[in-house]
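A quick write-up on the structure given underneath.
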There are 2 protein chains.
Amino acid sequence: MRSSTEYIEKLRKSGLRPTKQRITICELLFNTDKTFHFTINDLTKIIEFNSNQKISLATVYNTIHAFQKKGYLKEIAINSSQTYFDTNISAHHHFFDEKEKKLIDLEDEDVYPIKIKKTIPGKKIKSVEVLVKIDKI
Amino acid sequence: MRSSTEYIEKLRKSGLRPTKQRITICELLFNTDKTFHFTINDLTKIIEFNSNQKISLATVYNTIHAFQKKGYLKEIAINSSQTYFDTNISAHHHFFDEKEKKLIDLEDEDVYPIKIKKTIPGKKIKSVEVLVKIDKI
DNA sequence: ACATTACTTTAGAATAATTATAAAATTGGT
DNA sequence: ACCAATTTTATAATTATTCTAAAGTAATGT
C-alpha cells in the first residue's frame, strides 16, 4: 500500500494536477505490485466497488489517456470492441484468449528476441508488439 | 484478371451463394496479384469508384465477415477506430504507421522466427501476430 | 486569506463504427 | 414457374469513445 502523497508528487512532477479523482485511480491501478490488464469498462466497475467516490466516465477516459501519454500505462494492440490498457509498462508481449476476452502477460524472457530485417526509409521502429492468440485445445 | 466463373465456383464450394454483390467484391479484392490492406470504409469507396453497382453498407460488412470466416481474409490486430482486413492470408506480420494509418506487410522472412516459451495449460496457440509501430525518424 | 487564472471534472450530447431487424429480392432445386 | 432458403437492403439500434461548455478545484501572486 503506497501513500497517496507519493502519487501527489508523481502527478505534480508529470505536470498533472493531483486531483481527488486522479489519486483514487492511481491507488486502484498502482497500489499493488501485480500488474494487470483492463478496459475502461473494467476500471469503471473497479472504481464503483472499491472507492466511495463516483468518478464521471469522461474523467476516467481523460485520466487514463493522460496516464498513457505520460507513459504510466500501455495500450495493447488487439482488435476488440474495447481498448485494453496494461499497468505493466515494460517491454513485453501478450497471449489473448478471444473467447474469454482475457489477456495474459508474456514476459520478455518468454519470447525469443524479435529481429526485424526490413527497414522503411525515413521511418524508425517505435515499438514491437507480439499478440499470441490462444484457444481451447 | 480472373474470370467471375472462378469466383462463382469458389463461393459455391464455400457454401456461399454467388450473388452479384459477392462476385463484385471478389473481383475488387482478389483480381490482382497484389495483396492489400483495407477498412470497410476503404472498400466502400473502392466499390463506389470501380463498379457501377451500389452495394449497401450492411452487405459489405456481411460479405467481408463471411469471407473472413471462410479464411479468405485476415483481420489485423491493431487498435484503430476502424478494423483492418488483409487480402494476404499467409502467415506474416505488419508495420503500422499510426500517423498515416497505413499498414505495410512484413513477409515471413523479414522477421526472425518467433518462439514462445510459455504455455498455458488447456490452451493452444492459434496465431502469432507481430505489429511493429513505426514513426518518422 | 483572498482573488485571479488555469486546469479539471462533469453530465449530457455528439460521433462513428458496427450490428440488428425485418421486409423485399434473389438464388437453387423441384 | 414455384417454393423454400438465403441474401440484400434501408434503416434503426447499439456501443465505445470524444466533444462541449458550464461548474468546480487547484495553483499562484498579492
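Proteins come first, then strands; the chains are lettered A, B, ... in the order of their sequence lines, and each starts at number 1.
Residue B:N41 contributes atom CG, which lies 6 Å from atom P of C:dA17 at whole-angstrom precision. Protein atom CD1 of A:I8 is 14 Å distant from nucleotide atom C1' of D:dT25, rounded to whole Å. Rounding to whole angstrom units, CG of residue A:L57 and C1' of D:dT18 are separated by 10 Å. Across the protein-nucleic acid pair, B:L11 atom CG and C:dT26 atom C1' stand 15 Å apart, rounded to whole Å. Separating the NZ atom of A:K101 from the P atom of D:dA16 is a distance of 11 Å, rounded to the nearest angstrom. Taking atom CD1 of residue A:I23 and atom C1' of nucleotide C:dT9, one finds them 14 Å apart after rounding to whole Å. Residue B:L43 contributes atom CG, which lies 15 Å from atom C1' of C:dT18 at whole-angstrom precision. The separation between B:I47 atom CD1 and D:dT9 atom C1' is 14 Å, rounded to whole Å.
Side-chain atoms of A:Y61 lie closest to D:dA16 of the nucleotides D:dA16, C:dA11, C:dG28. In the set D:dT17, C:dG28, C:dA17, C:dA17 carries the atom at the smallest distance from any side-chain atom of B:Q82. Distances were taken from every side-chain heavy atom of A:A58 (C-beta onward) to each of D:dA27, D:dA16, D:dC19; the shortest belongs to D:dC19. Proximity note for B:T19 (side chain, C-beta onward) versus D:dT17, C:dT8, D:dT7: the nearest is D:dT7. Comparing D:dA10, C:dT27, C:dT8 against the side chain of B:R17 picks out C:dT27 as the nearest. For B:R22, the listed nucleotide lying nearest its side chain is D:dT7; candidates were D:dT18, D:dT7, C:dG28. Distances from the side chain of A:I55 to the nucleotides C:dT18, D:dT8, C:dT10 place C:dT10 closest.
Between A:R12 and the phosphate of D:dA26, there is no side-chain N or O to OP1/OP2 separation shorter than 4.0 Å. For the pair B:H65 and C:dT19, the criterion of a side-chain N or O lying under 4.0 Å from OP1 or OP2 is met. Here A:K54 does not reach the OP1 or OP2 of C:dT9: none of its side-chain N or O atoms lies under 4.0 Å away. In terms of phosphate contacts, A:Q21 brings a side-chain nitrogen or oxygen within less than 4.0 Å of OP1 or OP2 of C:dT10.
One hydrophobic cluster, built from ILVMFWY side chains closer than 4.5 Å, cannot hold both B:F96 and A:I125; they sit in different ones. Taken together through direct or relayed side-chain contacts under 4.5 Å among Ile, Leu, Val, Met, Phe, Trp and Tyr, A:I25 and A:I46 form part of one hydrophobic cluster.
If you check the side chains of B:Q21 and B:T59, you find no donor sitting under 3.5 Å from an acceptor. Judged by distance alone, the side chains of B:H37 and B:D105 do bring a donor and an acceptor atom under 3.5 Å apart. Side-chain polar atoms of A:D42 and A:T39 form a donor-acceptor pair below 3.5 angstrom.
Contact annotation for A:N62: base contact, defined as any heavy-atom pair under 4.0 Å involving a base atom. Backbone-only contact: A:T83 has heavy atoms under 4.0 Å from sugar-phosphate atoms and none from a base. Contacts of A:T59 with the nucleic acid, taken as non-hydrogen atoms under 4.0 Å apart, include base atoms.
Without hydrogens or angle criteria, B:R22 side chain to B:R17 main chain gives a donor-acceptor distance under 3.5 Å.
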